[in-house]
Every structure is written in C-alpha cells, then in structure tokens.
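Take a look at the structure below.
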Amino acid sequence: MRLKKKINKLIFVASLFFFVSHLFSQTPLEIARRVVEKIMRDTNFELELVPQKNVLGLQILDFREGECFNAPRVHFATNSIISKKKKRVLLGISHDAPLKIWINRKLVYENKAGTKIPPREISYNRLLFQDTLRTDLQKGNNEILLKICSGANEGVVFLRPIISTGDLDEDIEFKNKINGEAKWLCLDFPGNDRVKDLKKIFPPETSIELYYSFQGSFYRWYFPRQKILAQLSMPEYVTYRKKPYLDWYYANGAMMMAINDLGNFINDASLKKFVRRYCDFAVEHEDYFRDQYEKQFAFRGSFHRMFRLSMLDDAGAPTLPYVDLYAEQKNENYWKIIARNANYVMKGQVRLADSTFCRPEPEPGTVWADDLFMSAPFLLRMGKITGEQKYFDDAARQVLQFHKYLFNEKEKLFFHGYFDRRKENSVALWGRANGWIAWAISETLLHLPESHENYAVILKIYRKFMSGLAAVQGENGLWHQILDHPESYEETSCTAMFVLAMARGIRNHWLDSSYLEIVRKGWQGLVGKIDADGTVHGICRGTGIGNDLNFYFSRKRFDNAPHGLGAIITAAIEITRLEK
C-alpha cells in the first residue's frame, strides 16, 4: 500500500509539472494582472450631475418642492393614458396625502388618509404598492386627472400600470398633449384643510382649461421642475458601459474580492489600495446616495441596490470585499454595512418552508441557482469573522438544498431554476448558473470546517458535479452557454468559474490529477478570449430564468462584463497555487 501511494504521488507531481511547464509564454498571474489593470483603468471615482429620468414605467408626482413648499396646497396633475386596446387595467398606487383620481372624467379612486410610501421593489422591476385600482380604459387616449391635498412636507403620488405579479403592464404608456412626453401637467391652488379640500370642488374637476381665474388670481399649468442627481461618471473610453464598476452590484463585489485576493497572493499593495478605495467610496457617499434613493426616489440611481436590499443580489455578493477587508483591518464603517446585510440575508430574504433561499420571480417560491453564490460565500465569511455557527450551518444547508432542488442526476449538472408551486425545474442547464454554484461549493469546501456534519456530503456533491462538467467541456476547452447543447456559443464566465473550482479541487485533493488536463484546456480557452490590453471577450449578460432554450441561445455577450472578470482573476490564482 505504501509503495502504491508513493507511485500515485509521483504520478501526481509529474502531471502537475507537465501542466505548469506547458502553460503559455505569459503566466496566469501576468494575464490576470493585465485584466486587473484594465479594470482599474475603467473604474472612475468621479460623480457628475445628470437629469433624473423616468424609470420602471413609474409615474411620480412630487409636489413637496417648488414655490408652495411646506405650505398647504391642493395640487392637480393631468396626463393622457395611451392604451393599446380596450381593457380593464390594474394601477398600483402609493401616496402620502388625501388623493382623488378621475379617468375620462369618472371618479375612480378616493382615499382620504394617504398610504405608506414609496412602493417597494421586491424583485427586478417588480413593485409592491400600498394600494391598487382596477378600472376600465378605452383603446387610445384616456384622460387622467389627479387631485392631492398636501400639508407640510407632503404631496407625493406614485402610479404604475401593472399586471397581477406587479410587473409593468406594457400595453399602457403616458403622454402629455403638449410634447408627447410622459411628463404630467400640474397646477396648484391654495388650501387649508386636507380632507375638507378633497371634497371641495376646484375648477379642474369641472373641466380641463388652458388656465383658471380663481378667487381673483390666475392659475397656470406647469411641468414639474427637473431634478438633478449626482451619479457615477462613465468616461467614453470605458469598455463595459452597462454599469460602472464602482457601483454596488453583485458581479462587481465578486470582481473586487478577486482583486483583493490577488493583491494578497502576490503581495501587491497597489491592488489592495484600489479595493480599499472602492469600498471607501461607498462609505464616504452612503448618506447622500441613501437620501437620493429614499427621498428623491432615484430607484435606478447610482448605488440604488445598496438601499433596495430586496434580494440576495443586493446583499451577499456585493459585500464580499468589505468582509474580506474587515477581516484584515476591523474597519467599523465596513462593519455597519456588513452587519446590516447579514441581518437581511438571515432574516429578510424570502425562503421556502425548509429555509431554502428563493425569489418571488418569475413566480413565488422560485429557487435560482445564482443565489448559492449570492449567499454562501458571504455566510461562510460571516461565520469566520464572528465565530457564530449559525452562518456555517446556513451556508451548508443551502448547498444541500440547492442540490436537492436543482441537480439533474442524469447529467450531473444543475438546472437554472426550480418552481416550488409547480414542483418542476426550468428548462436549461445554463452555463453561468452552474458556474456560480461551482464557485460557491468550492468556497464552502474551503471555508466550512471539515468537522462540520455536512462537509463530507458536500464534498461528494462537488465531486459528482465536477464529473458532470468534465463530460461537457467543449473541444476548444471552453464550456457552452447551455452546457448540454454544444451548438450554443462558447461562454467565458462559466468556463472561468469551472476552471477555478477544479483547480481548487486538485490543489486540495478533492479531485485527482485526471482533472489537470481539463483545467489546462479550460485555461487555454480563456487565454484566447483575453486581449493584450486586458479586455475579456464573450461574457454573457446578466440573465433571468428563461421559459425556453432560445432565450439562452440568444443572450447577448459583452466585453469586460464583470460577471466573468472576478472568476478569471481567481482562476489564475488557483492555477498558480497548483505550483506551490
């Protein structure tokens, strides 16, 4: 037996030497450094002033500012609702003062008390309102008139045409009569008692005129004042233009965690300084961005996800660099963010009855493969910095439960989603969904104490999963957008995630040396996607759970999308660690 072990060890070392000696003219760390330098060049620590835009199809009437600020007033607003067809519609409504609504001169809504505001985004683009209205629209133009009676620091109305799930009703749009834009025409009258003024008849309730003579004064329509926001600046030279790298975003969190790891691994103070600057920027401007989100209703403004905090995308993965830096330097400003998000993950995130993380989209009780990475790495780090067992237990539980709901035993791969109401899986074995899980399980095996009761089971799941991935690697070393469909395109981010997970497995003896060739081919394929200036090609965009395979086949790819950059950097580190 001893002789056999020595022979196996020699074979492993020889295979490892062959693997390392046949890497490319540039080492993985040199390639990773190119990628990081490109990220650093494209990360801009500047703000600029921009007009606040209408987003989410949400109509916001805010009468708190202007000439009548802090004075009791009766406010009117009118617009045209354009409907593609005659239909019964559902309008989500939130307001902070007594409100009436007429559509086509018919009173359809009255609330004397007001409701809690603003509406809450419970999942991507899905809003939960405090009140709803069902009413009929004719095809084409429909006149809408609002009346709200405000006191001090009041006078806000939120309105959105929605379907039953809370998503936007795309059959409906708003256009005013003057310039065809969504802006509302507004009008103010003096008022004293809010509820009394809700009953008092003002001229616009009788007819819509160009102007009004009322109590010896003239009253004119106006467009609300344009609000200006301070937003993250994105210079023209930046390659990836969908979101700034500096923003609060799960993929950016993973990317910065990886850069911090690289800084530690190669002892490069400049990389560590960059990540600290990234985290300190959010701390420095947090109060402003919170005010912008909560009081100016910039629901798609910079750092809006930091305050939305309604999904694991907003809480777990974006916080990873903060946790790692806190473990090194105990910065209390970081801890405030970390503790708040840990509380959300443990107590606020929606779960199934058995505590599996889920989302309310595309239907209530949907388990997303992505969410294992959005949660487990953060929970494991919380366990390490607090010493509290509950975090380790929850991370391990999620791995087991995600395996239970999403794993395809035949293919040894994971489905993108599971619908609890229907008790069935979604259609695709999507590449990056499997990548997030591969990365998350490898993190679990790294950070979960080996004495944990579920460690051995998780290791078994990992090995089975890696064998499934090995079977579907493409001819060029890359894995495909849909793993079991080689006719789908080769995808960069999932390949990087699989390479890092397998390289970790080899180094930690979770996998045998037969995986070295798979890792070598995978890295070779990745290098072919990286330009000399550090630009990375072929990264699939952020992706919801699709209803058919064509949804995944047709997803766009972007250069330097952060969804793949952190994984490439981490893969380079893990491959280099194989040498040591």
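Note that this is a predicted model, so its numbers are computed, not measured.
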Original post:
Would you call Glu286 and Arg340 a salt bridge, using N to O less than 4.0 angstrom?
Top reply: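 Looking at Glu286 and Arg340, the cut-off is met.
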
Subject >> Note: Lys106-Glu143 ion pair, threshold 4.0 Å (strictly below) >> reply: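 Answer for the salt bridge query: no.
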
Taking the six-membered ring of [Y], is NZ or CZ of [X] closer than 6.0 Å to its centre and within 45° of its axis?
| X | Y | answer |
| --- | --- | --- |
| Arg555 | Tyr552 | no |
| Lys147 | Phe76 | no |
| Arg359 | Trp368 | yes |
| Arg73 | Phe63 | no |
| Lys404 | Phe402 | no |

Subject >> Any Glu363 side-chain heavy atom under 4.5 Å of Thr165 side chain >> reply: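 Side chain of Glu363 against side chain of Thr165, heavy atoms only: no contact under 4.5 Å found.
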
Original post:
Aromatic rings Tyr322 and Tyr278: how do their planes relate, parallel, tilted or perpendicular, breaks at 30° and 60°?
Top reply: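 Tilted, since the angle between the ring planes falls between 30° and 60°.
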
Original post:
Using the ring of each side chain (for Trp, its six-membered ring), is Trp430 parallel, tilted or perpendicular to His416, with breaks at 30° and 60°?
Top reply: tilted

Original post:
Can any side-chain N or O of Arg126 pair as donor or acceptor with the backbone N or O of Pro360 at less than 3.5 Å?
Top reply: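 Present.
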
Original post:
Between Tyr288 (side chain) and Ala230 (backbone), is there a donor-acceptor pair under 3.5 Å?
Top reply: yes

**OP:** State which residues pass side-chain contact (heavy atoms from CB on, under 4.5 Å) with Glu236; sequence neighbours excluded, sorted by chain then number.
**Re:** Arg241

Subject >> Donor-acceptor pair between Gln401 and Thr356 side chains, under 3.5 angstrom >> reply: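 Yes, a side-chain donor-acceptor pair sits under 3.5 Å.
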
Subject >> Donor-acceptor side-chain pairing of Tyr124 and Glu361 below 3.5 angstrom >> reply: no

Original post:
Can you name the nearest heavy-atom pair linking Pro118 to Phe299, along with the distance?
Top reply: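 That would be CB-CZ, 3.9 Å.
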
**OP:** Heavy atoms only: give me the nearest Ala97-Ser150 pair and the separation to one decimal.
**Re:** CB-CA, 4.3 Å

